[in-house]
Amino acid sequence: MSAPAQQGWDEAFDFVVVGSGGGGMAAALTAADSGLSTVLVEKGKMYGGTTGISGGGIWIPNNPTLRAEGHDDSRESIRAYLDLLTEGRVPAARLDAFVDQGPATMELLEKSRWMRFSWVKGYADYHPEYEGGRPQGRSVEAKPFDTRKLGEDEKYQRPNSLKGPLGLWVTSKDYHDLAMVKRTWRGRRASVVAAWRVSSNVVRRRHMATGGRALVARLRMALKDAGVPLWLRSPMTELVVDEAGKVTGVLVTREGRTVRVGARHGVLLATGGFDHNPRMREKYLPEGGRDDHSAGAVENVGDGILAGQALGAALDFMDDAWWMPSVHHPAGATVPLVSERCIPPSVIVSGDGRRFTNESSPYVNFVHDQLAGGHVPAWFVMDAKARARYPFAQVLPGAPFHKAFYEQGIVHRADSIGALAERIGLPADTLAETVERFNGFARTGKDTDFGRGDSAYDRYYGDPTLKNPNLDVIDKAPYYAVRIEVGDLGTKGGLVCDEHSRVLREDGTAIAGLYATGNASAAVMGNEYAGPGATIGPAMVFGHIAARHAAAGRTGAGTAGGAP
């Protein structure tokens, strides 16, 4: 714990936000809108956090973009859906705050001339069959953005792993359509549009961004208009507290020296999870999920969680993550498997050669089943039709896997299912039986073992030319097996917070002056995942809530240590 605050500050603001992902940036905008002098402190040399390298979906029901499209929800249906998902593990007041303040968060963002969104229509909630679930989905995304408008800040924006060749840019809808480029007219049309975009970018010299990168770029432009400074390469090393235990500022390493930064009305931790902290992964995550195959920002090592814990903060959901079945790319990257698990002529099997769950299910649920059964690693088995028709792990349809995939044992190939089983160490007879049973389901269009293709979510990335978009016979040599790792998009566990985003101690009392959001906080989604963007959406909402609460304390409507 640092020396008393009375020693003076090198810098002082009303509100200090630590972390420049979507939650932190939304909070900083809200604080500025509330009249608070605000600074955004970022550990890395680039801004954007995990939001910047994500798909950028935002799951916030009843937001202005959805309402403009006529997609109104009753509050009761939203709460019913969240109640079913969270199974009583998340306080009702937190769920109420998310539902009630979500629209206000987006309304505030859209006050900026830069913040514009579109509905990803058809990208279903992850459990559309539940009461309150929506088959058409509630996810929105930032509209494509030319990052040249960032000026000098463009070179400090975190690059997105989804950036295409020659400046090709694709939205979530484009990604969905391009997955069927070999199968549907919509897919072929999307490929023509993609080619036009490449040509247009060359001629117009645009630097178009989509997904999380577009969202971060738009937020950065809005922050510039609001006059909020962004400090890069400025890691927080400590929270400063006074004699009463109230957080009054932070210590930051900036330009080689320790800077004492005062926070008159609060500090918000938006520092991400412990994705790349091997000790924390080993301590908290379940066996099978401890290896670091995380797609989270490299700076995410649990800084905010540890800082809060040092002040006596409670933790929850530390044994869970935003899991994602993934392939370890030979170049070292983790490649999430989203659309790939819907490839019809394919199954995913465990070390005994048997299926263990619905391959096309939401990725968190898939990995929960994988971990529960000890099916690590798993094997993705597909035939030549699958490789000819559909993209896989950034390999285009019909293109061969690079030889490094084979050399590193990530991909195996054989002319029969039996020979393939032998190469990956599975019982040949069992794998053959699994494939034959699956082929029977493909012929009837009904998976009676796991219900693959029954949910609107499953079908979103499936092949609409088939009877069941997620089922097709595996019968054309050569056959392929790809090693599937337990990856994640970030960890779920973190600091326990109340409905005002205040960090709580084990006894339920608030640590005055300290707020948290995003993966630094215990997930408001509990162990589940409501739909595309149910990480970024809540992070933005609870960042917004924190800033409003801090501002209310300044004006006397409440205090940092009490309810408004």
Would you check if there is a donor-acceptor pair between the side chains of [Y] and [X] at a distance under 3.5 Å?
X    : Y    : answer
H276 : E299 : no
D463 : Y390 : yes
S294 : D292 : no
S77  : S74  : yes
S172 : E141 : yes
N62  : D73  : no
R452 : S360 : yes

Could you grab the distance from atom [atom1] of [X] to atom [atom2] of [Y], nearest 0.5 Å is fine?
X    : Y    : atom1 : atom2 : answer
T86  : M525 : OG1   : CE    : 9.0 Å
L285 : D320 : CG    : CG    : 8.5 Å
S346 : D472 : OG    : CG    : 9.5 Å
R341 : M324 : CZ    : CE    : 7.0 Å
L431 : I424 : CG    : CD1   : 6.5 Å
H329 : H402 : NE2   : NE2   : 8.5 Å

Step by step, would you call N300 with T50 a side-chain hydrogen bond (donor to acceptor under 3.5 Å, both in side chains)?
-> CA-CA 8 Å; N300 292 354; T50 299; 3.0 Å; yes
Given the side-chain rings of Y363 and Y529, with only the six-membered ring counted for Trp, is the space between their centroids under 6.0 Å?
->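 Between Y529 and Y363, which both carry aromatic rings, the centre distance is below 6.0 Å.
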Less than 6.0 Å separating the ring centroids of F366 and F356?
->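 Close enough - the centres of the two rings lie under 6.0 Å apart.
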Take the angle between the ring planes of H176 and Y461 and call it parallel below 30°, perpendicular above 60°, tilted in between.
->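 Aromatic pair H176/Y461 classed tilted.
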What are the two closest heavy atoms between [X] and [Y], and how far apart are they?
X    : Y    : result
H375 : S350 : ND1-CB, 3.2 Å
T491 : G273 : OG1-CA, 3.3 Å
P344 : L471 : CB-C, 3.7 Å
V395 : P400 : CG1-O, 3.8 Å
M318 : G493 : SD-C, 3.4 Å

Residues D316, R89; criterion salt bridge (Lys or Arg N to Asp or Glu O under 4.0 Å); working and verdict | CA-CA 10 Å; D316 201 5; R89 288 212 56 196; 3.0 Å; yes
Worked verdict on F392 versus F380 for ring pair (Phe, Tyr, Trp, His ring centres under 6.0 Å) = CA-CA 11 Å; F392 186 92; F380 191 111; 4.9 Å; yes
When N358 is tested against each of D447, D458, D454, N365 for side-chain hydrogen bond (donor to acceptor under 3.5 Å, both in side chains), which residue passes?
->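 Only match with N358 under side-chain hydrogen bond (donor to acceptor under 3.5 Å, both in side chains): D458.
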In this structure, which one of F405, W379, F401 forms a ring-ring contact (aromatic ring centres under 6.0 Å, His included) with H412?
->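 Checked F405, W379, F401 against H412; only one passes ring-ring contact (aromatic ring centres under 6.0 Å, His included): W379.
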Is R423 close enough and on-axis enough to Y479, meaning under 6.0 Å and within 45°, for cation-pi?
->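 No, R423 and Y479 do not form such a contact.
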Axial cation check for F145 ring with R116, 6.0 Å and 45° limits |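 No, R116 does not lie over the aromatic ring of F145.
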Would you confirm whether T65, through its side chain, and W119, through its main-chain N or O, come within 3.5 Å as a donor-acceptor pair?
-> no
Please assess T357 against D369 for the test side-chain hydrogen bond (donor to acceptor under 3.5 Å, both in side chains), listing each intermediate value before the final yes or no.
-> CA-CA 7 Å; T357 193; D369 289 345; 2.6 Å; yes
Sidechain N-carboxylate O distance under 4.0 Å for R355, E359 = yes
